[in-house]
Every structure is written in structure tokens, then in C-alpha cells.
Amino acid sequence: MNLSGRRALVTGGAVRIGRVVVEALQAQGAEVVVHYCNSKAAAEQLSPHTVYADLENPDECATLVERAGNPEILINNASIFTKDSLAASTPERVRREFQINLFAPVQLTRAFAAHAAEGAVVNLLDRRVRCHDTSCVPYLLSKKSLEEFTRLAALEYAPGIRVNAVAPGPGLPPPGSSAGSARELAGCIPLEELPTPVQIAQAVLFLLQADAITGQTLFVDGGQHLLGNGV
């Protein structure tokens with residue numbers, strides 16, 4: 001896929017990794033619609049094309065793709081992360097995690113496929129989908145489910161629409177923490193180097209442009225997923 005002139009929707013595109021993905025798409029000549037919920041000012045500084053939606057609300061998800069101008073590219077980037085063990089999680093927090101991290105991307109992909117004869121979808125996962133991290137059970141279940149959905153949707157929507165995923169490692173420090181502390185918290189990385197947001201965005205671009213690839217998950221984590229729980 002040649003990205004120049006293509007219209008793309010990036011959910012959660014105003015900040016952090018989403019913002020870098022937006023900038024990478026723009027550098028390739030794409031017209032990017034930045035979805036936001038709480039980052040209106042940042043979204044409007046980034047692109048003249050913005051759209052609001054609370055992904056926790058299925059009714060707002062239902063119209064988001066149409067309000068974004070029926071794009072040819074969909075990047076399901078927006079997500080939430082809660083440190084909840086199985087014992088500590090509550091039904092409400094589990095429901096919220098699944099709604100934003102899984103149900104919203106499923107709903108948006110279905111809406112995307114309903115209007116697009118051809119196009120590409122990339123879902124943002126997490127390198128944890130290859131491990132069993134009991135410190136964030138609802139989050140991990142939602143991301144593992146999104147990876148499986150990626151494969152199912154790739155089959156469902158071929159040959160016109162390709163669906164792939166990028167699974168980043170710890171590429172950015174958590175809000176309020178330093179880069180040094182992020183490296184310490186990241187754990188063991190075989191390549192001994194944190195992935196950068198730019199490298200994650202490059203992986204997204206690669207999957208968008210690779211016309212023979214669908215149903216794949218590309219890990220950008222310095223090999224950390226290879227260690228499973230031994231991180």
C-alpha cells in the first residue's frame with residue numbers, strides 16, 4: 001500500500017506512541033484523523049482532522065469510523081492499562097478494560113470493513129501477550145484476545161483488507177517517571193535496548209505497506225517476548 005494520499009484513523013493518536021504513529025503516517029503523505037477522548041488540544045495541534053469519541057461508550061464507537069470520513073487505514077492504538085491481579089480485579093474494571101482494549105477495536109474494525117473495499121488495519125498489542133503476567137490480568141486477557149481477533153479478522157476480511165498487529169515492549173516510561181527508571185522497570189531485554197516509539201511506528205508503517213502480510217503480530221521489544229514469564 002502506498003500511504004501517500006490515504007486517509008487514516010488513529011485512535012488515541014494525540015499522545016505517546018499514538019502521536020509518533022500519526023507523525024510517521026503524515027511523513028508518508030497520509031491524511032491522518034486523530035481520535036481523542038481527553039487530549040483535544042494535543043490532537044488539534046497535531047492534525048487539522050480530529051474526532052472525539054469515548055471508546056467506553058459503544059454508541060460513540062459505532063459512528064467513529066463514519067465521522068472520521070471512512071478511512072482506508074485504521075490503527076487501533078487507544079488502550080488503558082490497570083495493574084490488577086485476578087483477586088484485586090472487580091467486574092467493573094474488567095468490563096472497562098475489555099471495552100476499550102478489545103470491544104472497541106472489534107467494533108471499529110467491523111465498521112471499517114463495512115465501507116472499505118480494500119485497506120489495512122493494525123492493532124497495537126503488548127509484548128505481554130506471550131507471557132502470563134498475573135499483575136495485570138484484565139489488561140493481559142484483553143490484549144491476548146485482541147491478538148486472536150487480529151488473526152480471525154485477517155481471514156474474515158481477506159483479500160481486500162489486511163489485519164495485522166504490533167506488540168511493543170516498554171518503549172516509553174510511565175507518565176511521571178524518568179527514562180532511567182523505565183529501563184530499570186523494563187526487566188531483562190535480550191538486545192539490552194529499549195524499543196523507541198519511532199521504531200514502533202516504523203513497524204506499523206511496514207505492516208501497512210507489506211501487501212503480502214496479514215494476520216501477523218510483529219514484536220518490537222528487543223526480544224523480550226522470547227523470555228515468557230522470565231522477565
Side-chain angles (χ1 to χ4, degrees), residues 1-36 39 42-43 45-47 49 68 71-79 81 101 105 108-109 112 118-130 143 146-147 149-151 153-154 161-175 179 182-183 186-187 189-227 231:
M1 174 186 284
N2 183 348
L3 303 180
S4 180
R6 302 277 189 171
R7 191 171 184 86
L9 169 61
V10 181
T11 66
V15 296
R16 295 177 65 81
I17 289 173
R19 183 180 186 89
V20 181
V21 171
V22 168
E23 291 170 340
L25 285 165
Q26 290 171 330
Q28 294 293 316
E31 181 183 76
V32 186
V33 181
V34 179
H35 155 264
Y36 69 91
S39 304
Q45 289 172 0
L46 188 57
S47 172
H49 312 289
E72 301 159 276
I73 295 167
L74 171 63
I75 311 297
N76 285 310
N77 165 75
S79 68
F81 173 79
N101 295 350
L108 293 174
T109 303
F112 176 86
E118 60 178 26
V121 179
V122 177
N123 297 318
L124 270 291
L125 305 177
D126 188 302
R127 65 92 190 159
R128 290 181 178 88
V129 297
R130 287 295 182 272
K143 288 297 188 178
L146 185 57
E147 183 183 28
F149 170 74
T150 298
R151 290 189 283 262
I161 296 172
R162 295 181 300 106
V163 186
N164 290 291
V166 172
L172 279 174
R183 181 63 187 88
I189 300 175
L191 293 183
E192 299 182 349
E193 183 177 341
L194 287 172
T196 67
V198 169
Q199 291 167 342
I200 294 164
Q202 288 172 340
V204 172
L205 293 186
F206 168 73
L207 290 173
L208 291 175
Q209 295 168 321
D211 292 337
I213 297 178
T214 195
Q216 296 297 313
T217 297
L218 180 55
F219 287 83
V220 186
D221 66 345
Q224 199 171 50
H225 69 283
L226 300 172
L227 303 176
V231 175

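The chain is numbered in sequence order, starting from 1. In what follows, every heavy atom counts, from backbone to side chain, and hydrogens, waters and symmetry copies are set aside.
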**Q** With side chains defined as the heavy atoms from C-beta onward, is the minimum distance between Phe219 and Leu226 less than 4.5 Å?
**A** no
**Q** Scan Thr150, Asn164, Asn101 and name whichever one has a side chain to side chain donor-acceptor pair (under 3.5 Å) with Asn123.
**A** Thr150
**Q** I want to check something: taking the side chain as every heavy atom from C-beta on, are Ser39 and Arg19 in contact at a cut-off of under 4.5 Å?
**A** no
**Q** Do Phe112 and Ile161 come within less than 4.5 Å of each other through their side chains, counting heavy atoms only?
**A** yes
**Q** Please determine whether side-chain contact (heavy atoms from CB on, under 4.5 Å) holds for the pair Leu208 and Leu25, giving the CA-CA distance in whole Å, both sets of side-chain angles, and the decisive distance to 0.1 Å.
**A** CA-CA 10 Å; Leu208 291 175; Leu25 285 165; 3.6 Å; yes
**Q** Which value, rounded to the nearest 0.5 Å, describes the distance between Gln216 atom CD and Arg162 atom CZ?
**A** 11.0 Å
**Q** The test is side-chain contact (heavy atoms from CB on, under 4.5 Å); show your working for Thr109 and Phe149 and say whether it passes.
**A** CA-CA 10 Å; Thr109 303; Phe149 170 74; 3.8 Å; yes
**Q** Which heavy atom of Glu193 sits nearest a heavy atom of Ile189, and at what distance?
**A** O-CG2, 3.7 Å
**Q** What is the minimum heavy-atom distance between Asn77 and Gly18, and which atoms define it?
**A** ND2-CA, 3.4 Å
**Q** At their closest point, which heavy atom of Gly12 faces which heavy atom of His35, and how far apart are they?
**A** N-ND1, 2.9 Å
**Q** Do you know the tightest heavy-atom contact between Leu218 and Ala203?
**A** CD2-CB, 3.7 Å
**Q** Got a second to check how far Met1's CE is from Glu118's CD, nearest 0.5 Å?
**A** 6.5 Å
**Q** With rounding to the nearest 0.5 angstrom, report the CG to CD1 distance, Leu124 to Ile75.
**A** 7.5 Å
**Q** Which value, rounded to the nearest 0.5 Å, describes the distance between Arg130 atom CZ and Leu227 atom CG?
**A** 13.5 Å
**Q** What are the two closest non-hydrogen atoms of Pro168 and Ile200, and how far apart are they?
**A** CB-CD1, 3.5 Å
**Q** Run the side-chain contact (heavy atoms from CB on, under 4.5 Å) test on Glu23 and Leu46 for me, step by step, so that the C-alpha distance in whole Å, both residues' side-chain angles and the decisive distance to 0.1 Å come before the verdict.
**A** CA-CA 8 Å; Glu23 291 170 340; Leu46 188 57; 3.8 Å; yes
**Q** One pair to check against salt bridge (charged side-chain N to carboxylate O under 4.0 Å, His left out): Lys143 and Glu147. What are the steps and the verdict?
**A** CA-CA 6 Å; Lys143 288 297 188 178; Glu147 183 183 28; over 6 Å; no
**Q** What is the minimum heavy-atom distance between Val34 and Gly13, and which atoms define it?
**A** CG1-C, 3.5 Å
**Q** Just how far is it from atom CD of Gln209 to atom CG of Leu3, taken to the nearest 0.5 Å?
**A** 4.5 Å
**Q** Nearest 0.5 Å, what's the CG-NE2 distance between Leu125 and His225?
**A** 12.0 Å
